[in-house]
Amino acid sequence: MNNIQSIRGMHDILPAATPTWRWLEQQLAELFDAYDFREIRIPLVEKAELFTRAIGQATDVVEKEMYAFPDRNGDTLSLRPEGTAGVVRAAIQHGLLASPGLKVWYRGPMFRHERPQRGRQRQFHQFGAEVFGLSGPDIDVELIALGERIWKRLGLERGIRLEINTLGDREDRQRYRAKLIDYLSPRVDELDGDSQRRLHTNPLRIFDSKHPQTRAIMTEAPGLADSLGAEARAHFKEVCKMLEGLGIAYRINPGLVRGLDYYCRTVFEWITDDLGAQGTVCAGGRYDDLVAVQGGKPAPGIGFALGVERLVELLAHQGRERSQAPQVYLVCQAPSIEGLRLAEELRDQLPGLRLACNLGGGSFKAQFKRADRSGAQYALVLGESEVAAGLCQIKDLRGDAPQETLARQVLAERIRQLLPGLSAD
Ligand code: ATP
Ligand code: MG
């Protein structure tokens with residue numbers, strides 16, 4: 001029989017890669033803590049309607065990319081293509097919006113049926129942040145500052161730049177929509193098929209087209225900036241001023257409209273040139289109408305989501321992958337129970353120690369070879385005579401410190417001295 005393979009665009013994350021993932025995940029969790037965010041965990045599956053309502057019908061995500069399927073009871077369910085809609089649903093459902101200033105973050109897999117290519121998977125992972133009840137520009141700026149701090153913490157700040165824009169308020173976009181339709185209508189035949197269809201449903205989204213000819217037409221399009229109302233204009237000006245106050249470099253990109261319908265006012269993307277065509281590592285913006293659209297008491301919102309696969313690739317690109325190795329490898333030439341017993345003793349005494357116990361026997365030579373290949377810094381050597389005398393040897397596998405023979409009672413203490421990073425416990 002032939003082997004069953006994983007689904008196209010849905011990747012295994014193999015043991016060689018998981019140390020980098022775990023390191024990255026830990027850094028991000030710590031940074032969200034540092035900005036006083038709380039974690040929220042929401043289901044991978046929701047009613048499909050949640051996404052069609054929140055994200056909008058005339059969007060790539062809903063039109064083409066959603067994994068939707070009938071449940072056994074006839075409901076249409078969907079694998080979540082993004083996190084914001086579910087977070088908003090949960091916040092309304094559990095009354096989390098009662099007091100303003102809720103700050104939450106989430107992580108996990110998202111699912112979109114798009115064409116798999118570099119930087120685009122069908123199952124991919126995001127970390128995201130959402131903030132509710134704050135309408136001022138300060139939170140926009142804090143979220144951007146958090147993004148910048150993330151790149152710094154990961155050592156990626158040199159390759160990632162910030163683009164921002166404002167989409168104005170709903171009325172501003174209505175006004176602009178009419179102008180855009182006027183501009184595009186005489187050129188409709190030159191647009192790609194998707195954009196032709198969107199001309200009257202969602203013309204702003206034509207800015208998102210990847211089609212070269214459409215893009216060329218859009219670079220000449222009238223700008224949204226001229227249609228902005230006074231409040232949206234003041235909000236954006238303040239955002240820019242505060243970014244400058246924090247020394248955060250940005251570029252205003254008038255063509256930045258973001259893929260989902262719910263955005264208004266500030267939108268932003270963090271972009272790199274090191275990943276080929278899919279260079280956006282993080283994207284976000286304000287969505288002041290979304291809570292009301294989802295049936296909640298109106299409350300402004302703002303958030304971002306970052307793509308973990310793209311960050312992992314950037315880390316690899318800069319040679320910053322992590323690896324995992326045991327610190328100590330226990331070589332045992334006595335009955336296996338003696339090796340297992342010593343290993344358990346050490347795990348009791350040194351809970352943080354990464355210890356590999358030789359399993360499956362083997363000659364001294366074979367075991368030392370495995371110890372070396374494991375990447376461990378030290379080998380512990382336990383032979384029949386050591387067991388009888390209550391001793392154990394420590395051998396430095398990477399340096400030339402002389403081999404030591406120690407009493408079992410002081411072994412844990414000695415390992416602690418040799419591995420100063422070990423937690424004291
Ligand atoms: P794009 O214009 O590239 O399709 P998007 O607007 O669909 O992006 P968002 O929904 O804003 O992307 O998602 C936020 C981030 O999640 C992206 O900037 C990217 O880093 C990541 N991301 C989105 N879709 C994918 C995917 N299919 N595979 C891998 N990462 C993705
Ligand atoms: Mg997309």
Side-chain angles (χ1 to χ4, degrees), residues 7-11 13 21 24 28 51 54-56 58-67 78-88 105-130 143-144 147 150-151 154 156 159-165 167 194-195 198 202 204-211 214-215 218 253 255-263 266-287 290 301-317:
I7 295 171
R8 210 161 97 82
M10 303 208 181
H11 297 289
I13 301 163
W21 279 72
L24 178 68
L28 293 174
F51 301 110
I55 299 174
T59 59
D60 278 346
V61 172
V62 166
E63 270 183 325
K64 301 191 257 184
E65 299 172 359
M66 241 191 358
Y67 279 94
S78 175
L79 298 182
R80 62 183 191 190
E82 54 105 54
T84 305
V87 170
V88 168
W105 67 276
Y106 59 84
R107 67 171 138 195
M110 305 295 163
F111 303 86
R112 296 184 194 176
H113 195 275
E114 34 192 352
R115 191 169 70 78
Q117 54 191 290
R118 182 175 180 206
R120 250 186 225 298
Q121 298 82 32
R122 289 181 172 174
Q123 173 173 332
F124 62 98
H125 296 76
Q126 287 184 336
F127 268 72
E130 315 289 354
L143 278 175
I144 291 172
I150 291 173
W151 321 134
L154 301 179
L156 298 174
I160 300 179
R161 65 178 186 277
L162 173 64
E163 294 195 350
I164 61 174
N165 191 23
L167 301 182
D194 277 342
S195 300
R198 284 184 182 154
N202 198 346
L204 254 76
R205 303 290 317 292
I206 300 176
F207 278 107
D208 261 357
S209 170
K210 310 271 190 287
H211 195 266
T214 302
R215 288 184 87 113
M218 294 314 279
N253 173 359
L256 186 66
V257 294
R258 305 288 310 117
L260 315 180
D261 259 7
Y262 47 62
Y263 288 107
T266 316
V267 290
F268 55 93
E269 290 195 359
W270 293 96
I271 302 168
T272 175
D273 295 323
D274 296 335
L275 293 179
Q278 314 307 331
T280 303
V281 291
C282 175
R286 194 165 261 290
Y287 48 84
L290 183 60
I302 180 166
F304 68 69
L306 58 83
V308 182
E309 279 81 357
R310 292 184 192 179
L311 284 183
V312 168
E313 196 186 334
L314 263 189
L315 287 169
H317 178 79

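One-based numbering, in listed order, for ligands and for the atoms of each. Keep in mind that what you see is a predicted model, and the values were worked out from it rather than measured.
Of the heavy atoms in V61, none comes closer than 4.0 Å to ligand 1. In M110, neither the side chain nor the backbone holds a heavy atom less than 4.0 Å from any atom of ligand 1.
Summarising the contacts of atom 3 (O) of ligand 1 with E313, R120, K210, Q126, the nearest heavy atom is found in R120.
In the model, H11 has no side-chain atom that pairs as donor or acceptor with a side-chain atom of Q123 under 3.5 Å. Q117 and Q278 share a donor-acceptor pair across their side chains, judged by distance under 3.5 Å alone.
Interface of T280 with ligand 1, defined as ligand atoms under 4.0 Å from a residue heavy atom, comprises 17 (C), 18 (O), 19 (C), 20 (O). Those atoms of ligand 1 with a heavy atom of A305 less than 4.0 angstrom away are 14 (C), 15 (C). Heavy-atom contacts of G119 reach the following atoms of ligand 1: 28 (N), 29 (C), 30 (N) (cutoff under 4.0 Å). Remark: ligand 1 atoms within the under-4.0 Å shell around heavy atoms of A283 are 11 (O). Residue E114 has at least one heavy-atom neighbour below 4.0 Å for each of these atoms of ligand 1: 24 (N), 25 (C), 26 (C), 27 (N).
Relative ring orientation between W105 and F127 is described as parallel, the plane-to-plane angle staying below 30° on a 0-90° scale split at 30° and 60°.
Closest heavy-atom contact between Y67 and R112: CE1-C, 3.6 Å.
Ion pair R198/E63 flagged as a salt bridge, since at least one NZ, NE, NH1 or NH2 atom sits closer than 4.0 Å to an Asp/Glu carboxylate oxygen.
Checked against salt bridge (charged side-chain N to carboxylate O under 4.0 Å, His left out), R118 has the following partners two or more places apart in sequence or in another chain: E313.
At least one heavy atom of R310 lies less than 4.0 angstrom from ligand 1. Contact analysis puts R112 in contact with ligand 1, with a non-hydrogen atom separation below 4.0 angstrom.
In this structure, the side chain of S195 does not engage the main chain of I206 through any donor-acceptor pair within 3.5 Å.
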